[in-house]
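Inspection log for the structure reproduced underneath, given as structure tokens.
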Amino acid sequence: MDFDISEILGSLSPLTLTTAINLIKTNEPLILKSRLGKNVQTMLDEACVFEVEEGSYNLAPVGFPNDPPSLVNISRKRKRFSVVPPQIYLRDRITASEINKIRLASQNPINMTARDKASAYDDMVSTKQTGLRRLVDRRVEWFFAQALNGKIDYKSDEGRAFTFDYNLPASVKLGDEWDKSSNPGNPVHQLRALGKHFKSLNNQLAPDLIIMGGKAGDAFMNNPFVEDWLKSPGVQLFQNKTELAKGEATPIGILQGAELFEYSATYEDSKGKATPYLNEDYVYLTNSTLWRLFYGAISDFDAGNPPLIARDIFSKMKASEDGKAMDIFVESHPLPVIVSNLGVLKAKVCE
């Protein structure tokens, strides 16, 4: 049976490729994306429009029925933003020689059916798509880590620089050491105090996620007060049931309703140096309901007419001009947003 490349490309349409890549689940412990990226919103335009709340809630003013207050002065303000998210645009190549190598040596290419030929492409496309999806998810994880520190600041030789400042006030940046060897404090009690402070800033909304950097986690685990707490039934139950018990995100326990993790994930920078996602000396407290993961719409004629698609990720494939290779493209425009500038409490806990 003759082999027709247009038949393969037809079966791997942008709709099929995009649906497939959205079904791919990587096995990496992307704790920030999984916890803070639950509220996903896709935009109908390339720009993301959102509001950030500044300040705290106050009680409503009161008056007599016939003499109501005429002016409401609330310290809480909303600031509107319109931000074009950074573009992730990836390309990976599938060559004809690659396909031939992965076919079984015992198969005779002359007698192969179209399904036999297509399966080799399907396997390679799946491998490429998984790798591209992993790169996108890791970048989104990096965005969340940057947002926890208050500012996304991307500078690279490849692509355009992107900066967005979340304007976290000084009131959410604290110092609270718990690893002094001479007179160590109790980190469990100190985390409870930080949780109460978070509630006081956020209208009694308690944190549901506590993330410790690598050094902060070591200081926590090595503290003598923590040993007995780790043996408590609730902590043991959490450690046994969690699905993220391996890898770079290590579950520790639940503290007053908040999941507690040590997060020592690293990435390679442009020079090949392993760099932590989060500041290693800090602990971060937040509530996942205060976060949104926005995706700007993608402009592409292959998405249809009009050439605009509101999806978190878009994938397509093109044949090279000489017919010896096919390029698979993946595009995404993600931007994590915290809707309150008091929604992250960041404390330095070790020297």
Side-chain angles (χ1 to χ4, degrees), residues 14 18 21-22 30 32-58 72-90 136-156 159-169 171-172 201-203 205 208-209 284 286-315 329-346:
T18 300
I21 200 170
N22 273 285
L30 301 174
L32 302 181
K33 182 178 184 294
S34 64
R35 293 302 192 274
L36 304 181
K38 293 182 292 186
N39 298 314
V40 178
Q41 298 183 22
T42 54
M43 299 289 99
L44 300 177
D45 195 0
E46 293 174 293
C48 296
V49 179
F50 56 92
E51 290 184 342
V52 175
E53 184 178 283
E54 297 180 351
S56 60
Y57 290 92
N58 280 333
V72 179
N73 183 14
I74 302 178
S75 62
R76 177 171 54 100
K77 298 178 181 178
R78 290 185 178 273
K79 187 175 181 180
R80 177 163 291 189
F81 292 89
S82 179
V83 180
V84 177
Q87 178 195 58
I88 298 175
Y89 190 75
L90 304 173
V136 173
D137 286 346
R138 296 280 286 190
R139 176 58 74 181
V140 174
E141 182 83 347
W142 183 87
F143 280 151
F144 275 111
Q146 293 281 296
L148 282 173
N149 281 310
K151 183 179 182 181
I152 293 179
D153 192 2
Y154 172 77
K155 296 179 181 178
S156 174
R160 184 179 298 176
F162 176 82
T163 300
F164 182 73
D165 196 332
Y166 291 85
N167 294 317
L168 299 181
S171 58
V172 299
L201 295 173
N202 289 278
N203 195 41
L205 178 67
D208 64 2
L209 183 65
Y284 303 82
T286 190
N287 188 291
S288 59
T289 63
L290 300 176
W291 291 83
R292 307 288 183 270
L293 178 54
F294 286 92
Y295 286 95
I298 298 168
S299 299
D300 195 311
F301 275 108
D302 289 309
N305 191 13
L308 197 65
I309 180 171
R311 299 289 287 268
D312 60 339
I313 195 167
F314 178 67
S315 181
F329 300 90
V330 167
E331 185 174 356
S332 184
H333 301 182
L335 180 67
V337 169
I338 183 166
V339 297
S340 170
N341 72 336
L342 298 174
V344 178
L345 188 63
K346 174 183 176 182

*Taking atom CG of Asp300 and atom CD1 of Ile309, what is their separation to the nearest 0.5 Å?*
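Output value for this atom pair is 8.5 Å.
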
_Atom pair SG/CE of Cys48 and Met43 - distance to nearest 0.5 Å_ =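 Reported value, rounded in 0.5 Å steps: 5.5 Å.
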
Listed partners of [X] passing side chain to side chain donor-acceptor pair (under 3.5 Å), at least two apart:
{"X": "Asn167", "value": "none"}
{"X": "Ser82", "value": "none"}
{"X": "Asn22", "value": "none"}
{"X": "Glu331", "value": "Gln87, His333"}

*Just jot down the salt bridge (Lys or Arg N to Asp or Glu O under 4.0 Å) partners of Asp208, sequence neighbours excluded, or say none.*
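Expected list: none.
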
*Sequence neighbours left out, what passes ring pair (Phe, Tyr, Trp, His ring centres under 6.0 Å) with Tyr89? Give chain and number order.*
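Scan of Tyr89 (ring pair (Phe, Tyr, Trp, His ring centres under 6.0 Å), adjacent residues dropped) gives Phe329.
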
_Side chain Thr18, main chain Ser315, donor-acceptor under 3.5 Å_ =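 Checking the backbone N and O of Ser315 against the side chain of Thr18, a donor-acceptor pair under 3.5 Å is found.
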
*In terms of ring plane angle, is the pair Phe164 and Phe50 parallel, tilted or perpendicular, where the classes change at 30° and 60°?*
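The arrangement is perpendicular - the two ring planes meet at more than 60°.
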
*Do Val52 and Ile338 touch side chain to side chain, with heavy atoms closer than 4.5 Å?*
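Not touching, per the 4.5 Å side-chain cut-off.
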
*Less than 4.5 Å apart, any side-chain heavy atom of Pro336 and any of Val140?*
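Pro336 vs Val140: side chains apart.
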
Per-pair distances, 0.1 Å, donor-acceptor, side chain in residues 289-298, under 3.5 Å, sequence neighbours excluded:
from, atom 1, to, atom 2, distance (Å)
Thr289, OG1, Asn287, OD1, 2.6
Trp291, NE1, Thr286, OG1, 2.8
Arg292, NH1, Thr289, O, 2.8

*Those residues that, when tested against Arg80, pass side-chain contact (heavy atoms from CB on, under 4.5 Å) (two or more places apart)*: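 Testing Arg80 for side-chain contact (heavy atoms from CB on, under 4.5 Å), a comparison that skips the adjacent residues, returns Val49, Glu51.
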
*For the residue pair Asn149 and Tyr166, confirm or rule out a side-chain donor-acceptor distance under 3.5 Å.*
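No, no side-chain donor-acceptor pair sits under 3.5 Å.
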
*Tell me, which pairs form a side-chain hydrogen bond (donor to acceptor under 3.5 Å, both in side chains) where one or both residues lie in residues 39-50, sequence neighbours left out?*
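Sorted pair list: Glu46-Ser299.
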
